[in-house]
Amino acid sequence: MDVIGAGFGRTCTLSLKEALEIVGFGPCYHMLTVVEEPRRVRDWLDVGDGESADWDRIFRGFRSAVDFPAVSYWRELADHYPGAKLVLTVRDPERWYESARATIFQHTVDVDEPESWWRRALHRLALRRVPEMALFPKMAKATVADQVFGGRIDDRDHCVEVFRRHIEEVRAAIPADRLLVFECEEGWEPLCRFLGVPVPGVPFPHVNDRTHFNRGQPWRDLRMVLRGRRPGG
């Protein structure tokens with residue numbers, strides 16, 4: 001593991017994942033990795049249940065990791081991979097909560113089903129085809145809602161305070177030469193300078209805005225219905 005993302009989900013983590021892969025630090029592990037390979041849900045259920053984590057097995061084949069659930073265990077990962085650098089993505093705390101509540105808290109932590117009948121039917125069919133995904137809310141609750149936010153994801157003031165405190169704790173715990181505090185609007189230069197790689201000749205990726213996230217859910221369900229549980233996936 002060469003790079004560990006220490007920023008919460010909804011701080012440009014998917015853009016950072018793509019950026020890291022462009023400059024040679026891929027594959028990069030992200031919550032979408034768990035969605036695309038549902039067998040990994042059980043890995044994180046075990047971690048959330050307090051079992052000893054085999055980080056080398058969980059992240060085998062990956063050079064970097066960002067987003068939840070990995071960031072929930074940033075201290076453990078920083079200790080386990082002492083040669084890895086950390087990138088702490090940040091944004092305005094109030095805007096972060098607004099974004100998280102409308103996306104990841106709603107779709108990967110809360111257990112509410114989609115409102116429309118056709119999306120409910122599609123979602124239920126997807127869970128039959130890929131039963132590990134039925135455990136996804138339990139996994140996300142254990143590793144994100146409970147682990148990071150004490151089960152209080154509906155409490156705006158509490159979550160904003162957790163967000164602020166997290167940034168302070170990362171900055172206090174990680175030496176300056178091992179940590180980059182980063183906003184994606186800064187683009188390639190600070191990230192590439194920190195990682196010691198050339199600036200690529202392509203625009204810095206900016207993906208996964210709120211509309212894109214919400215529209216993507218039915219397509220993810222449809223893919224699971226069509227392909228089912230792939231061997232090893």
Side-chain angles (χ1 to χ4, degrees), residues 1-37 59 61-74 77-78 81 83-108 144 148 160 163-164 166-171 173-217 219-220 223:
M1 186 70 67
D2 296 308
V3 183
I4 298 167
F8 284 177
R10 304 311 296 167
T11 60
C12 200
T13 53
L14 189 55
S15 296
L16 178 60
K17 165 183 160 63
E18 292 202 9
L20 290 172
E21 292 177 340
I22 288 171
V23 297
F25 290 94
C28 180
Y29 198 109
H30 185 280
M31 183 66 91
L32 286 181
T33 306
V34 183
V35 174
E36 292 293 328
E37 302 176 34
F59 294 111
F62 292 87
R63 291 192 62 190
S64 54
V66 301
D67 199 66
F68 295 120
V71 69
S72 302
Y73 303 90
W74 67 271
L77 294 179
Y81 298 106
K85 293 188 173 184
L86 278 74
V87 178
L88 174 60
T89 43
V90 297
R91 67 182 296 187
D92 175 79
E94 296 287 346
R95 294 184 63 187
W96 164 79
Y97 181 78
E98 179 184 350
S99 177
R101 185 71 188 111
T103 54
I104 59 175
F105 287 172
Q106 178 180 347
H107 294 288
T108 66
V144 181
V148 179
V160 168
F163 183 88
R164 295 182 191 274
H166 171 75
I167 293 172
E168 295 173 357
E169 290 176 351
V170 174
R171 298 185 75 157
I174 305 301
D177 61 350
R178 194 185 174 196
L179 176 67
L180 173 68
V181 181
F182 181 64
E183 294 188 47
C184 285
E185 289 76 8
E186 297 176 82
W188 286 117
E189 285 73 13
L191 181 65
C192 292
R193 183 169 58 250
F194 176 67
L195 297 176
V197 296
V199 173
V202 296
F204 190 91
H206 292 285
V207 293
N208 200 30
D209 63 23
R210 189 181 309 177
T211 300
H212 174 85
F213 183 99
N214 289 328
R215 287 177 177 173
Q217 184 64 46
W219 292 108
R220 289 189 286 272
R223 285 198 299 271

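All of these numbers come straight from a predicted model, not from anything done at the bench.
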As an exercise, state the distance from [atom1] of [X] to [atom2] of [Y], rounded to the nearest 0.5 Å.
{"X": "Phe204", "Y": "Ile22", "atom1": "CZ", "atom2": "CD1", "result": "8.0 Å"}
{"X": "Glu18", "Y": "His206", "atom1": "CD", "atom2": "NE2", "result": "11.0 Å"}
{"X": "Thr103", "Y": "Glu98", "atom1": "OG1", "atom2": "CD", "result": "10.0 Å"}
{"X": "Arg101", "Y": "Trp96", "atom1": "CZ", "atom2": "CH2", "result": "11.0 Å"}
{"X": "Phe163", "Y": "Glu168", "atom1": "CZ", "atom2": "CD", "result": "11.5 Å"}

The single option from Pro27, Cys28, Ser15 that satisfies side-chain contact (heavy atoms from CB on, under 4.5 Å) with Leu20 is Cys28
Donor-acceptor pairs under 3.5 angstrom involving side-chain atoms of residues 61-72: please list them, not counting sequence neighbours.
| from | atom 1 | to | atom 2 | distance (Å) |
| --- | --- | --- | --- | --- |
| Arg63 | NE | Asp2 | OD2 | 2.7 |
| Arg63 | NH1 | Gly24 | O | 2.6 |
| Arg63 | NH2 | Asp2 | OD2 | 2.8 |
| Ser64 | OG | Phe25 | O | 2.6 |
| Asp67 | OD1 | Thr13 | OG1 | 2.7 |
| Ser72 | OG | Pro69 | O | 3.4 |
| Ser72 | OG | Thr143 | O | 2.7 |

Taking C-beta and beyond as the side chain, do [X] and [Y] meet within less than 4.5 Å on heavy atoms?
{"X": "Leu14", "Y": "Met31", "result": "no"}
{"X": "Phe8", "Y": "Val90", "result": "no"}
{"X": "Leu180", "Y": "Leu86", "result": "no"}
{"X": "Lys85", "Y": "Leu179", "result": "no"}

Flag for Arg10-Ser99: side-chain donor and acceptor within less than 3.5 Å = yes
Which pairs of donor and acceptor atoms, one on a side chain in residues 181-195, lie under 3.5 Å apart (sequence neighbours left out)?
| from | atom 1 | to | atom 2 | distance (Å) |
| --- | --- | --- | --- | --- |
| Glu186 | OE2 | Glu183 | N | 2.7 |
| Trp188 | NE1 | Val202 | O | 2.7 |

